[in-house]
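FYI, side chains are in, hydrogens and waters are out, and symmetry mates aren't considered; it's all heavy atoms of this structure.
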Amino acid sequence: MADTKREIERKYEATDATRLPDLSRVAGVGRVEKRGVTELDAVYYDTADLRLASHSLTLRRRTGGADEGWHLKFPVATGIRDELHEPLADTLPPSFAALLRSRLRHTEPAPVVRLLSSRDVQHLNDDDGTLLAEVSVDTVLAERLAGEGAGTTATWTEIEVELADDGDPAFLDAVEKRLRKAGVRPSDSSSKLARALAETAPVRKEKKRTAEDPQTAGDHVLTYVRKQIRTIVDLDPAVRRDLPDSVHKMRVATRRLRSAFKTYRRILDRGTTDPIGAELKWLAGELGVDRDQEVLDQRLGDRTEALPATLVLGPVRGRLKVWSAARRTGSRRRITDVLDGKRYLALLDTLDALAADPPLRPAASRAPAKELPRAVLKDYEKLARRMDHALEHPPGPERDAAMHEVRKAAKRARYAGDAARPALGKPAKRFAKRVKAVQTVLGDHQDSVVARDALRTLAIEAHAAGETTFTWGLLYGHEEATADARERELPEVWARASDPVLRADLKH
């Protein structure tokens, strides 16, 4: 696995009219240590259509400096990136190729820009000699290597301030205050690569701008659909890196996309979207194996920790740990295999084709205020029918199963409201919020059903091993009480979501 570093930095313009001020006067700095000048030679890789740059990703091979090698940077927030490092090699490291697969697909990255930088470095240390930040003045020569503008060069000088590992981001504010006082201003470019691409690009005549805001019902639905597609692609590397909540977020994006296909079938032709929906369901299922176990582990672990120590009898925590490990064996590897598989990559290609050439139906050209409420309310009606059916059953397994179906319908109605929100505004927001409350109650109820089934299994295994089952029975009882509480809460939450005024607002 590549080494990973959280990079927090700020860039500033350096011109003949500005000089680096004395930074020893910055609050907290005890000593400024000059580290000398380093020569860096970096070649940046991308596709011909600059696919990585369009996602704010940076892939480079750099020689010179203490960290020469391959670097791959993912944006986290403004001025913050995760930088992954692999040793210097002639070819792209396999680990980086995997992390870029959702973007590159069947394309090999090629050199697009070369940057030669002369880096004059200073370290800002506190009184104890601990590094607070590294400040560098970089004199840069950029050359476009491929495509239009190949051979074009650009030069500039910039100041870069990078926070030390585990440093306080507030320190960068203090440094910036000092720089601004000296007339140094923040750079307009987010990275050297972005600036190089901009300054070596061919000069084009400015085209007349056209309205980009969604106008029709189809425009709004496609904006939502494309957003979910982009989310799936963007989360692929995060899932591979096993970042927190990444699997859950990717799974949610697949569900939102499937729901949009079903809800807005008057806008997008089902002949095209149904097969794609089936593949998205497959992907969500593969992602769900690990995620569902993760949620269950968290729930049972929290329940156990909440018990007084005197009520935790026998090797409860140990059995939970072993049971969880046995169920999750190989799950991470299985997800990686799925993301590397031909079926998944074919799905991504299909989604790209859908976004580029959507199968629009006649209703897509209609006004959003007419078409979108109709679709949202149809999902609400389906939810209402399922709710009535579920509440007819007495408490027990049949009601549990029916309530799980209500939860699915609530989720779809909520997603429908979310998709319509840019067009319908506050009424759609209120609708989605009320339905989400229903979904939350039903979700906790369903989690209790799953937890009780797991606790029964654990109790049987403990009994077979000669252990006391007291704690497992106690936890089971707690989950039963939770389910009862959610069932008592549901009618009131549903009454708010089924308010006729709420639905009437969607139509106006």
Side-chain angles (χ1 to χ4, degrees), residues 207-233 252-284 346-386 408-432 434-436 497-498 500-508:
K207 293 183 179 179
K208 226 176 186 181
R209 292 189 177 181
T210 57
E212 295 181 356
D213 290 337
Q215 302 295 317
T216 65
D219 290 340
H220 281 278
V221 171
L222 285 175
T223 297
Y224 182 81
V225 164
R226 287 169 178 147
K227 180 181 178 181
Q228 306 315 315
I229 293 172
R230 172 94 179 220
T231 298
I232 292 171
V233 172
V252 167
T254 65
R255 286 173 167 171
R256 285 183 175 274
L257 197 48
R258 285 180 61 219
S259 290
F261 291 162
K262 292 178 180 178
T263 298
Y264 298 107
R265 54 187 178 271
R266 283 173 49 85
I267 291 172
L268 295 172
D269 191 287
R270 291 187 63 182
T272 299
T273 61
D274 278 358
I276 300 175
E279 288 301 281
L280 289 168
K281 183 177 182 179
W282 158 78
L283 177 59
L347 172 58
L348 295 185
D349 288 342
T350 303
L351 291 174
D352 278 353
L354 173 77
D357 185 19
L360 297 176
R361 300 188 67 204
S365 62
R366 294 172 185 163
K370 295 289 185 182
E371 193 63 33
L372 300 188
R374 177 177 182 173
V376 174
L377 292 174
K378 191 167 185 178
D379 278 352
Y380 165 79
E381 290 165 3
K382 183 175 182 179
L383 167 61
R385 289 194 298 272
R386 289 193 180 183
K408 293 179 186 177
K411 191 177 295 185
R412 179 170 157 183
R414 171 198 163 192
Y415 292 160
D418 287 340
R421 181 178 169 184
L424 305 182
K426 289 184 179 179
K429 180 182 179 180
R430 284 193 294 268
F431 173 83
R434 300 275 183 92
V435 175
K436 182 181 178 181
S498 57
V501 175
L502 197 67
R503 302 196 300 279
D505 285 346
L506 287 171
K507 299 178 181 179
H508 299 93

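Using a 4.5 Å heavy-atom cutoff, the side chains of Val233 and Leu351 are not in contact. You'll find the side chain of Pro422 reaches within 4.5 Å of the side chain of His220, heavy atoms only. Lys382 is listed as a side-chain neighbour of Arg385, based on a closest heavy-atom distance under 4.5 Å.
Pairing each heavy atom of Ala497 with each of Leu502, the nearest pair is O-CD2, 3.6 Å. Minimum heavy-atom separation, Val435 to Ala413: CG1-CB, 4.1 Å. Of all the heavy atoms in Gly417 and Phe431, the pair that sits closest is CA-CD2, 4.2 Å. Heavy-atom minimum distance, Arg265 versus Arg412: NH1-NH2, 3.1 Å. Smallest separation of non-hydrogen atoms from Val376 and Ala416: CG2-O, 3.7 Å. For the pair Ala409 and Arg386, the tightest heavy-atom approach, listed with the atom from each and the gap, is CB-CD, 3.9 Å.
A donor-acceptor pair is defined here as one N or O able to donate and one able to accept, closer than 3.5 Å; no such pair exists between the side chain of Asp349 and the backbone of Ala346. Between the side chain of Thr263 and the backbone N or O of Ala375 there is no donor-acceptor pair closer than 3.5 Å. When atom types are taken as modelled, the side chain of Arg434 and the backbone of Ser498 share no donor-acceptor pair closer than 3.5 angstrom.
For the atom pair Phe261 CZ and Leu268 CG, the distance stands at 7.0 Å (nearest 0.5 Å). In this structure, NZ in Lys436 is found 9.5 Å from OH in Tyr415, a value given to the nearest 0.5 Å. For the atom pair CG of Leu347 and OG1 of Thr254, the computed distance is 9.5 Å after rounding to the nearest 0.5 Å. For the atom pair CG (Leu372) and CZ (Arg266), the distance works out to 11.0 Å, reported to the nearest 0.5 Å. With rounding to the nearest 0.5 angstrom, the CZ atom of Arg361 is 9.5 Å from the CD atom of Glu371. In this structure, the separation between CD1 on Ile267 and CG on Leu222 is 8.5 Å, given to the nearest 0.5 Å.
Partners of Gln228 according to the side chain to side chain donor-acceptor pair (under 3.5 Å) rule, which considers only residues two or more places apart in sequence or in another chain, do not exist here. Remark: Tyr224 pairs with Arg256 by the side chain to side chain donor-acceptor pair (under 3.5 Å) rule, at least two apart or across chains.
Screening residues 347-382 for ring-ring contact (aromatic ring centres under 6.0 Å, His included), with sequence neighbours left out, gives Tyr380-Trp494.
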- Stepwise, does the side-chain contact (heavy atoms from CB on, under 4.5 Å) test hold for Leu257 with Thr231? CA-CA 10 Å; Leu257 197 48; Thr231 298; over 6 Å; no
